[in-house]
Protein chains: 2
Amino acid sequence: MPRIRHKSLDCSPGCAVEATLELIDGKWKGVILYHLFHSTMRFNALRKILPNVTQRMLTMQLRELEEDGFIHREIYPQIPPKVEYSLTDFGRTLEPVVMALKRWGDEHTTFGAEKKKSPALETQGQHG
Amino acid sequence: MPRIRHKSLDCSPGCAVEATLELIDGKWKGVILYHLFHSTMRFNALRKILPNVTQRMLTMQLRELEEDGFIHREIYPQIPPKVEYSLTDFGRTLEPVVMALKRWGDEHTTFGAEKKKSPALETQGQHG
DNA sequence: CTGAATCCCCCACGATACTG
DNA sequence: CAGTATCGTGGGGGATTCAG
């Protein structure tokens, strides 16, 4: 069971919400998980689809996800090195959560507008 | 439609996930939303159930949630002041998301363990 | 190719005090 | 009761360099 890194959470009934958020929000973890749902990926493959994430951050986030038991890190001892990241069974339990996030984002933010038809929605200037 | 406050999000298909996270994660927003799903609440009522949140932060988070159209702020012009926070219809669209977070937290973190029977799970030391 | 180590800036956030 | 204003700080995270 993953541990909570940050603040002391009060234990009012809603704290489970924050607990989950703490685990999946650590900056880019959401997207990383999302992509790993589809397929195992190498480090550089993740870098490519996440151009705004620095190498350092990507490494750190992957390490935390690994610590929490969400992903598996498979190291192939060869030159050049090859490391593959994949979801664990436990990581897959997050699927409904991540998909709920994805679905809402698609419906209600301009970031889901890619798949839509009306360019009139693109009024947010978040593409540069 | 709410706007994204922080980083430039790449637009790989998973960005909708991060976009949603940005909006609901802003520190304690998740819990705030969770509690407002149940009932309209006054400022101090929220403070009481969120003892770890400073007054300043609570105010800021509520303001952001209001800006994003998730909650409504009803001011009663009277002495002493009375302000009630409630979810908007738009805010209620987040319900499946928040509930997915809640459910996962209940199942997989010690913060959901309050309602469970087996004390063997309480090995995390997050209660004090 | 994957990753660790170092430097350093910035601002999110806490603490505290004041107000209508 | 429900906020604002101000100040100080910790560490999150970017840029860069080194390494196997």
Side-chain angles (χ1 to χ4, degrees), chain A residues 3-10 15 18 21-32 35-36 39-68 71-86 128, chain B residues 3-10 18 21-32 35-36 39-68 71-86:
Chain A
R3 104 251 93 145
I4 270 52
R5 288 188 181 71
H6 301 275
K7 283 303 141 47
S8 55
L9 297 184
D10 53 75
C15 61
E18 279 300 321
L21 275 175
E22 285 282 339
L23 292 171
I24 66 174
D25 174 73
K27 193 90 174 186
W28 304 114
K29 282 185 189 175
V31 233
I32 295 172
H35 286 293
L36 290 183
S39 66
T40 293
M41 295 185 76
R42 298 183 57 170
F43 187 79
N44 262 15
L46 283 167
R47 288 197 72 185
K48 269 173 216 149
I49 60 173
L50 299 172
N52 294 317
V53 187
T54 64
Q55 184 184 42
R56 172 195 167 83
M57 277 313 292
L58 184 53
T59 301
M60 294 179 71
Q61 298 298 293
L62 287 168
R63 283 297 186 284
E64 289 191 7
L65 289 170
E66 189 189 3
E67 280 180 49
D68 291 336
I71 65 177
H72 171 67
R73 183 162 166 255
E74 182 74 27
I75 308 170
Y76 298 85
Q78 61 187 42
I79 303 296
K82 173 180 170 183
V83 178
E84 282 187 345
Y85 293 93
S86 58
Chain B
R3 105 250 89 151
I4 270 52
R5 289 189 181 69
H6 301 275
K7 283 303 140 46
S8 54
L9 297 183
D10 54 74
E18 279 302 319
L21 275 175
E22 285 283 337
L23 292 171
I24 65 174
D25 174 73
K27 192 90 174 184
W28 303 114
K29 283 186 186 175
V31 232
I32 295 172
H35 287 292
L36 289 183
S39 67
T40 292
M41 295 187 76
R42 298 184 57 171
F43 187 80
N44 263 14
L46 283 167
R47 288 197 72 184
K48 268 173 217 149
I49 59 172
L50 299 173
N52 295 319
V53 188
T54 62
Q55 186 183 41
R56 171 195 169 80
M57 276 312 292
L58 184 54
T59 301
M60 294 178 72
Q61 298 298 294
L62 287 168
R63 285 295 188 284
E64 290 192 5
L65 289 170
E66 189 189 4
E67 281 179 50
D68 291 335
I71 65 176
H72 171 68
R73 183 163 166 254
E74 183 74 29
I75 308 169
Y76 299 85
Q78 61 187 41
I79 304 295
K82 174 179 171 183
V83 177
E84 281 187 345
Y85 293 92
S86 58

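Because only heavy atoms are used, hydrogens play no part in the values below, and waters and symmetry mates are left out as well, while side chains stay in. In the text below, chain A, chain B and the rest are named by the order of the sequence lines, each starting its count at 1.
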**Report entry** Options C:dG3, C:dC1, D:dG3, nucleotide nearest the side-chain atoms of A:P81
**Finding:** C:dC1

Query raised in the report: Between B:M57 and A:L62, which has a closest nucleotide on DNA chain C that is more 5'?
Result: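 Nearest nucleotide further toward 5': that of A:L62.
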
Given atom [atom1] of [X] and atom [atom2] of [N], what is their separation to the nearest angstrom?
{"X": "A:Q78", "N": "C:dG3", "atom1": "CD", "atom2": "P", "answer": "13 Å"}
{"X": "A:L58", "N": "C:dC1", "atom1": "CG", "atom2": "C1'", "answer": "13 Å"}
{"X": "A:E66", "N": "C:dT2", "atom1": "CD", "atom2": "C1'", "answer": "13 Å"}
{"X": "A:M60", "N": "D:dG11", "atom1": "CE", "atom2": "P", "answer": "13 Å"}
{"X": "B:N52", "N": "C:dC13", "atom1": "CG", "atom2": "C1'", "answer": "13 Å"}
{"X": "A:Q55", "N": "D:dT16", "atom1": "CD", "atom2": "P", "answer": "13 Å"}
{"X": "A:E74", "N": "C:dG3", "atom1": "CD", "atom2": "P", "answer": "12 Å"}
{"X": "A:W28", "N": "D:dG14", "atom1": "CH2", "atom2": "P", "answer": "8 Å"}

Phosphate OP1/OP2 of [N]: any [X] side-chain N/O under 4.0 Å:
{"X": "A:T54", "N": "D:dG13", "value": "no"}
{"X": "B:R63", "N": "D:dT4", "value": "yes"}
{"X": "A:T59", "N": "C:dG3", "value": "no"}

Check every strand shown and say whether [X] touches a base, only sugar-phosphate, or nothing at a heavy-atom separation below 4.0 Å.
{"X": "B:Y76", "value": "nothing"}
{"X": "A:R73", "value": "sugar-phosphate"}
{"X": "A:R56", "value": "base"}

**Report entry** From CD (A:Q55) to CG (A:N44), nearest 0.5 Å
**Finding:**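 The distance works out to 8.0 Å.
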
Sub-4.5 Å side-chain heavy-atom contact between [X] and [Y]:
{"X": "B:H72", "Y": "B:Y85", "value": "no"}
{"X": "B:T59", "Y": "B:R63", "value": "yes"}
{"X": "A:V83", "Y": "A:R42", "value": "no"}

Query raised in the report: For A:I24 and A:K29, which heavy atoms make the closest approach, and how far apart are they?
Result: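 Of all heavy-atom pairs spanning A:I24 and A:K29, the closest is O-CB, 3.1 Å.
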
